[in-house]
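First up is the structure itself, then whatever we jot down about it.
When a residue number appears, it is its place in the shown sequence, counting from 1.
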Amino acid sequence: MTSTPVTTTATTAAAETASAADAAAGAADGTALHRPVTDWFDEHARDLPWRRPEAGAWGVMVSEFMLQQTPVSRVLPVYEQWLARWPRPADLAAEAPGEAVRAWGRLGYPRRALRLHAAASAIQERHGGDVPREHGQLLALPGVGEYTAAAVASFAYGQRHAVLDTNVRRVFARAVAGRQFPPNATTAAERKLARQLLPEDEKLAARWAAATMELGALLCTARAPECGRCPIAAQCAWRQAGSPAHDGPPRRTQTYAGTDRQVRGKLLAVLREAVAPVPQQALDAVWDEPVQRARALDGLVSDGLVEPLGGGRYRLPLT
């Protein structure tokens, strides 16, 4: 008499697992997700300057460099100043690399400024000053990886590419894979899934790329997902599974206070404000610990962000 409930429970659990697997498999072609997500995007997308037609491919590229690991609120003022000063790649290429670092301000990870300057120079030299349309040509630019090439091709030129940033990966992990968070690093399985989810229609695919990114940024957030407002909550594999907690490797957290990154930022701030080469004493004044300060300065020089001169003076790079 006691075996029947156990069997029933096991059978029910197996059926639920199979149902969840079937739902995930069905979602993998994306057809049930495309229209709700893109319709939501049409209604709720933020009015961001790089999404406007006048931004052009260069505006899209600048935004993608700036938005890496940096929130929109911090990017907006720097982006607008940047495009006002350098509305075309040729304008930036004509300046010294150090001016790009200076204009980067406090966005963080300033090597991105040097890479964007190098990309602008390559665009001017190889493509007559126009951001190339072809994915392969974009990928060949300095500082442009798979994500940025796909994003520019998709957002600027309306092409069909899988665009996988942190927000998109989180949406796919939850909606399709049934996990709270994606792996720490992008996997081959994630890339395959992203390609499977792409709409066949090129225009819809480009819209889907932007829409899934916005969904992850606004609703399917890391800390407080707003499932009640999500357009695909009913199809979400993670919700169907009971929203299980993350059980993979610990998620990486970033610290700043007291790190070499903070020291590098303080040293660069002195150089950005200076109109002439800066003496060693001025740099020494911003951080008390000499070993860490020297290590941070050596790193800046090694990365090409700072140029050492004779007599213990430093400046932003001119070449």
Side-chain angles (χ1 to χ4, degrees), residues 11-48 51 135 146-147 150-151 153-248:
T11 302
T12 301
E16 290 174 350
T17 301
S19 176
D22 290 343
D29 66 6
T31 53
L33 306 177
H34 295 156
R35 190 56 60 189
V37 172
T38 53
D39 284 351
W40 171 86
F41 181 68
D42 289 342
E43 184 175 353
H44 297 284
R46 291 168 292 180
D47 178 21
L48 300 174
R51 288 179 176 163
H135 179 270
E146 174 58 39
Y147 164 78
S154 179
F155 302 151
Y157 295 123
Q159 297 174 13
R160 183 179 182 271
H161 292 281
V163 182
L164 269 178
D165 80 336
T166 301
N167 290 315
V168 177
R169 293 175 61 225
R170 187 169 56 252
V171 169
F172 291 171
R174 290 173 179 169
V176 181
R179 298 192 301 269
Q180 185 180 15
F181 297 116
N184 283 336
T186 306
T187 65
E190 286 181 283
R191 294 188 179 94
K192 180 179 179 181
L193 175 61
R195 291 192 296 269
Q196 290 175 332
L197 290 169
L198 267 180
E200 290 297 327
D201 178 76
E202 190 170 57
K203 184 177 180 180
L204 180 58
R207 200 71 176 159
W208 163 257
T212 50
M213 189 175 295
E214 190 78 335
L215 184 64
L218 297 185
L219 297 186
C220 195
T221 60
R223 294 184 179 179
E226 297 189 48
C227 300
R229 297 173 54 204
C230 178
I232 53 172
Q235 298 106 300
C236 178
W238 184 54
R239 274 177 57 88
Q240 289 175 352
S243 304
H246 179 65
D247 62 356

Salt bridge (Lys or Arg N to Asp or Glu O under 4.0 Å) contacts in which one or both residues fall within [range], not counting sequence neighbours:
{"range": "residues 181-191", "result": "R169-E190"}
{"range": "residues 216-229", "result": "E226-R229"}
{"range": "residues 210-222", "result": "R46-E214, R51-E214"}

So, for [X] and [Y], which heavy atoms are closest and what is the spacing to 0.1 Å?
{"X": "S154", "Y": "A209", "result": "OG-CB, 3.7 Å"}
{"X": "C220", "Y": "P225", "result": "CA-CB, 4.4 Å"}
{"X": "C227", "Y": "A233", "result": "O-CB, 3.4 Å"}
{"X": "A162", "Y": "A194", "result": "CB-CB, 3.8 Å"}
{"X": "A241", "Y": "P244", "result": "O-CD, 3.8 Å"}
{"X": "V163", "Y": "A150", "result": "CG2-O, 3.8 Å"}

Please step through side-chain contact (heavy atoms from CB on, under 4.5 Å) for the pair Y147 and V168, ending with a clear verdict. CA-CA 11 Å; Y147 164 78; V168 177; over 6 Å; no
Heavy-atom distance under 4.5 Å between the side chains of [X] and [Y], does that happen here?
{"X": "R195", "Y": "R160", "value": "no"}
{"X": "T212", "Y": "L197", "value": "no"}
{"X": "W40", "Y": "I232", "value": "no"}
{"X": "C230", "Y": "R239", "value": "no"}

Please collect all ring-ring contact (aromatic ring centres under 6.0 Å, His included) contacts where either partner lies in residues 221-241, sequence neighbours excluded, each pair once. none
Residues in side chain to side chain donor-acceptor pair (under 3.5 Å) contact with [X], at least two apart in sequence or another chain:
{"X": "N167", "answer": "R170"}
{"X": "D42", "answer": "R207"}
{"X": "Y157", "answer": "none"}

Name the orientation class of the two ring planes belonging to H161 and H135 (parallel below 30°, tilted from 30 to 60°, perpendicular beyond 60°).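 Because their plane-to-plane angle is under 30°, the rings of H161 and H135 count as parallel.
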Spatial distance of atom CZ (F172) from atom CG (L33) [nearest 0.5 Å]: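 Answer rounded to 0.5 Å: 8.5 Å.
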Please confirm whether the backbone N or O of G30 pairs with a side-chain atom of H34, one donor and one acceptor, at under 3.5 Å?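 Checking the backbone N and O of G30 against the side chain of H34, a donor-acceptor pair under 3.5 Å is found.
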Examine distances only and state if a side-chain atom of Q240 and a backbone atom of A234 form a donor-acceptor pair shorter than 3.5 Å.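 It does hold such a pair.
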Could you list the residues that satisfy side-chain contact (heavy atoms from CB on, under 4.5 Å) with A211, not counting sequence neighbours? V37, T38, F41
side-chain contact (heavy atoms from CB on, under 4.5 Å) with A156: which residues, sequence neighbours excluded? A57, V60, V152
Only pairs under 3.5 Å count here: list side-chain donor-acceptor contacts from residues 176-184, not counting sequence neighbours, and write none if there are none.
unit_1 : atom_1 : unit_2 : atom_2 : d
Q180   : OE1    : H246   : N      : 2.7
N184   : ND2    : P250   : O      : 3.2

Could you tell me which residues satisfy salt bridge (charged side-chain N to carboxylate O under 4.0 Å, His left out) with E43, sequence neighbours excluded, listed by chain and number?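 For E43 there are no salt bridge (charged side-chain N to carboxylate O under 4.0 Å, His left out) partners, ignoring immediate neighbours.
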With sequence neighbours left out, the residues meeting salt bridge (charged side-chain N to carboxylate O under 4.0 Å, His left out) with D247 are none
